[in-house]
Amino acid sequence: MSIRQRNAPAYRPHVGELVLDRRTGRTGIYMDTIGGEYYLRPEGGGLEWAVEPAHVSPVPGPRESAE
């Protein structure tokens with residue numbers, strides 16, 4: 001069972017990484033951190049949205065190789 005501990009550090013994505021906003025269920029590309037919030041952009045482009053770092057996690061499932 002994996003339950004996030006209250007004091008566990010937030011996931012820190014790399015710029016350009018696809019992540020999951022668990023609050024909304026949307027996936028987005030991590031763009032930057034401003035004012036303590038992560039800014040994500042939809043995969044197909046569009047307006048960024050802000051999310052608290054505690055609500056961001058890696059996208060579950062198989063990952064594509066960069067090779």
Side-chain angles (χ1 to χ4, degrees):
M1 183 183 304
S2 83
I3 297 175
R4 181 176 287 275
Q5 299 281 332
R6 182 174 291 214
N7 294 330
Y11 178 68
R12 291 183 170 228
H14 299 286
V15 172
E17 181 179 348
L18 184 64
V19 295
L20 174 65
D21 176 352
R22 293 188 319 271
R23 177 189 53 148
T24 63
R26 295 171 63 188
T27 57
I29 298 170
Y30 171 73
M31 303 304 291
D32 202 355
T33 300
I34 301 172
E37 292 186 309
Y38 290 175
Y39 281 77
L40 309 180
R41 179 166 291 184
E43 291 179 74
L47 295 176
E48 293 180 355
W49 74 95
V51 59
E52 292 180 25
H55 296 290
V56 173
S57 64
V59 174
R63 304 206 179 240
E64 293 184 17
S65 172
E67 296 178 37

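Both backbone and side-chain heavy atoms feed into the values below; hydrogens, waters and symmetry mates do not. Computed from a predicted model, the values in this text were never measured in an experiment.
- For the ring-ring contact (aromatic ring centres under 6.0 Å, His included) condition, the pairs that include at least one residue of residues 12-39, sequence neighbours left out, are Tyr30-Tyr38.
- With sequence neighbours left out, the side chain to side chain donor-acceptor pair (under 3.5 Å) criterion links Glu43 to Thr27.
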List the atom pairs, with distances to 0.1 Å, where a side-chain N or O of residues 46-53 and a protein N or O form a donor-acceptor pair under 3.5 Å, not counting sequence neighbours.
residue : atom : partner : partner atom : Å
Glu48   : OE2  : Arg41   : NH2          : 2.9
Trp49   : NE1  : Asp21   : OD2          : 2.8

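- When atom types are taken as modelled, the side chain of Arg22 and the backbone of Ala54 share a donor-acceptor pair closer than 3.5 angstrom.
- By the rule that hydrophobic residues join a cluster once side-chain heavy atoms approach within less than 4.5 Å of another member, Val15 and Tyr11 end up as members of one cluster.
- Applying the 6.0 Å contact sphere to CZ of Arg23 captures more than 12 heavy atoms from other residues, nucleotides or ligands.
- The one candidate from Val19, Ile29, Leu18, Thr24 that meets the side chain to side chain contact (heavy atoms under 4.5 Å, CB included) condition with Leu40 is Val19.
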